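Nothing here was measured: the structure is a model prediction, and the numbers come from that model.
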Amino acid sequence: MTVTNVRKVDRRSPKPTAEELSVLSRFERFAFHLVTVMNQGRWKRFWTWCQRVFGAGWIHLSTYNIMNVYGLEHIEAASHDRPILLVANHRSFFDMYTVSTVLFRHTKWRKQLFFPVRGRFFYQSPLGLFVNLIMGWWSMYPPFFVTGDKPLPEKRAFDQYSMHLLSELCHTGAGNVIGFHPEGRRNKSSDPYSFLPAQPGVGKLIKDATPQVIPVFITGLGNKLAKQVLGNWTGGEQIRIHFGQQLDLDEHLMKSDRMRTYKEIADFVMSKIADLAEIDRKMWE
């Protein structure tokens with residue numbers, strides 16, 4: 001029996017408190033409020049339409065000769081009345097943009113995408129906001145400031161709010177699709193089948209929110225935009241995206257709510273991404 005009623009996150013106001021906002025700079029507060037509005041109601045529907053038509057359109061034109069997709073039936077088999085958490089390895093800046101293009105072009109059900117990001121770039125400058133608009137159509141949301149190579153621990157109170165918000169997006173909302181990288185940061189190794197250790201944050205998110213979890217393995221994408229686009233016509237590396245079966249997490253969700261459980265869930269999720277990587281290795285090496 002699938003566990004769907006486990007709920008650890010306290011229900012609370014959807015808005016951050018004055019104390020949580022106080023740790024942000026004036027521009028960070030402005031950026032957060034702006035992107036929040038863009039991710040609600042009619043604005044979210046409008047930007048999702050832009051993402052589906054324009055965003056997915058230009059990415060498709062830039063990759064159609066080198067794109068290979070496997071396992072879409074697993075996405076189709078999931079309930080579209082509950083949120084889906086896509087957990088993927090992270091090697092390129094363009095990982096989730098490319099995955100979103102595949103979903104928009106090859107699935108027909110109504111969806112809206114959210115990609116939690118580090119707030120240190122996307123929410124701290126006009127350039128960051130501009131990139132969020134033209135690359136993600138405002139879907140790089142919610143922001144986190146404490147994680148990464150240069151954490152800002154003084155903003156921990158706001159990150160706790162963002163985690164509540166992310167849990168709500170993963171728990172409630174027909175068509176919500178959330179892209180998440182369990183490794184926490186981009187893997188710069190030259191070996192496409194290597195992985196960084198999974199961070200317990202994804203385990204806590206899954207334990208709290210109980211979304212449908214689908215593993216994804218991505219390889220073949222680079223980090224230089226011009227080279228990546230040109231590769232579509234000059235024989236660039238083949239892009240491969242593998243969607244796995246929805247994960248059965250019942251055993252983990254029944255365990256106690258503690259850090260050890262979060263790490264076990266994170267490691268289990270990462271092992272399923274590694275299984276997809278092994279399938280790709282056998283197909284392409």
Identify the two heavy atoms, one from [X] and one from [Y], that lie closest to each other, and give their separation to 0.1 Å.
X: Phe27; Y: Pro126; result: CZ-N, 3.5 Å
X: Ser167; Y: Ala209; result: O-CB, 3.4 Å
X: Phe94; Y: Leu221; result: O-CD1, 3.8 Å
X: Glu20; Y: Thr17; result: OE1-N, 2.8 Å

Notebook entry, point to check: Would you call Asp159-Lys155 a salt bridge at under 4.0 Å N-O?
Noted result: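 Looking at Asp159 and Lys155, the cut-off is not met.
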
From [X] [atom1] over to [Y] [atom2], what is the distance, rounded to the nearest 0.5 angstrom?
X: His106; Y: Glu76; atom1: NE2; atom2: CD; value: 11.0 Å
X: Lys272; Y: Asp267; atom1: NZ; atom2: CG; value: 13.0 Å
X: Leu21; Y: Phe158; atom1: CG; atom2: CZ; value: 6.5 Å
X: Asn132; Y: Met140; atom1: CG; atom2: CE; value: 4.5 Å
X: Met270; Y: Gln199; atom1: CE; atom2: CD; value: 10.5 Å
X: Gln40; Y: Gln112; atom1: CD; atom2: CD; value: 10.5 Å

Out of curiosity, does [Y] fall in the hydrophobic cluster containing [X] (side-chain heavy atoms, cut-off under 4.5 Å, transitive links)?
X: Phe180; Y: Leu196; answer: no
X: Trp49; Y: Tyr97; answer: yes
X: Leu61; Y: Ile239; answer: no
X: Ile59; Y: Leu230; answer: no
X: Leu166; Y: Tyr262; answer: no

Under 3.5 Å donor-acceptor, [X] side chain and [Y] backbone:
X: Arg29; Y: Leu24; result: yes
X: Ser256; Y: Arg258; result: no
X: Asn232; Y: Gln228; result: no
X: Thr210; Y: Ile206; result: no
X: Lys204; Y: Lys263; result: no
X: Ser194; Y: Asp191; result: yes
X: Asp95; Y: Ser92; result: yes
X: Glu278; Y: Asp275; result: no
X: Thr48; Y: Arg45; result: no
X: Ser162; Y: Pro142; result: no

Checklist line | Verdict with supporting geometry, Val229 and Trp58, side chain to side chain contact (heavy atoms under 4.5 Å, CB included) | finding: CA-CA 10 Å; Val229 172; Trp58 84 261; 4.3 Å; yes

Margin query: I'd like to know whether Val216 forms a side chain to side chain contact (heavy atoms under 4.5 Å, CB included) with Ile241, so could you lay out the CA-CA distance, the side-chain angles of the two residues, the decisive distance to 0.1 Å, and finally the verdict.
Written below: CA-CA 7 Å; Val216 186; Ile241 300 177; 3.9 Å; yes

Next item on the list: Taking the side chain as every heavy atom from C-beta outward, state whether Phe268 and Leu247 have any atom pair closer than 4.5 Å.
Entry: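 Yes, side chains in contact.
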
Distance only, no hydrogens: is a donor on one side chain within 3.5 Å (strictly under) of an acceptor on the other, for [X] and [Y]?
X: Glu183; Y: Asn89; result: no
X: Glu28; Y: Gln124; result: yes
X: Asp280; Y: Tyr70; result: no

Margin query: Distance to the ring centre below 6.0 angstrom and angle to the axis at most 45 degrees; does that hold for Lys111 and Trp109?
Written below: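 Yes.
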
Checklist line | Cation over ring face, Arg186 and Phe93, 6.0 Å, 45° | finding: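 So Arg186 does make the cation-pi contact.
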
Margin query: If you apply the rule side chain to side chain contact (heavy atoms under 4.5 Å, CB included), what do you find for Val131 with Leu129, and how did you get there?
Written below: CA-CA 5 Å; Val131 172; Leu129 282 178; over 6 Å; no

Next item on the list: Verify side-chain hydrogen bond (donor to acceptor under 3.5 Å, both in side chains) between Ser139 and Gln51, making sure each step is shown before the conclusion.
Entry: CA-CA 9 Å; Ser139 60; Gln51 197 172 26; 3.3 Å; yes

Next item on the list: Could you check Trp138, Trp137, Phe114 and say which one makes a side-chain contact (heavy atoms from CB on, under 4.5 Å) with Lys44?
Entry: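 By the side-chain contact (heavy atoms from CB on, under 4.5 Å) criterion, Lys44 pairs with just one of Trp138, Trp137, Phe114: Phe114.
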
Under 30°, 30 to 60°, or over 60°: which ring-plane class applies to [X] and [Y], parallel, tilted or perpendicular?
X: His181; Y: His90; answer: parallel
X: Trp43; Y: Phe46; answer: perpendicular
X: Phe32; Y: Tyr141; answer: parallel

Is the number of heavy atoms from other residues, nucleotides or ligands within 6.0 Å of [atom1] ([X]) greater than 12?
X: Arg281; atom1: CZ; answer: yes
X: Tyr193; atom1: OH; answer: yes
X: Glu73; atom1: CD; answer: yes

Next item on the list: Verify side chain to side chain contact (heavy atoms under 4.5 Å, CB included) between Val87 and Val213, making sure each step is shown before the conclusion.
Entry: CA-CA 7 Å; Val87 286; Val213 183; 3.8 Å; yes

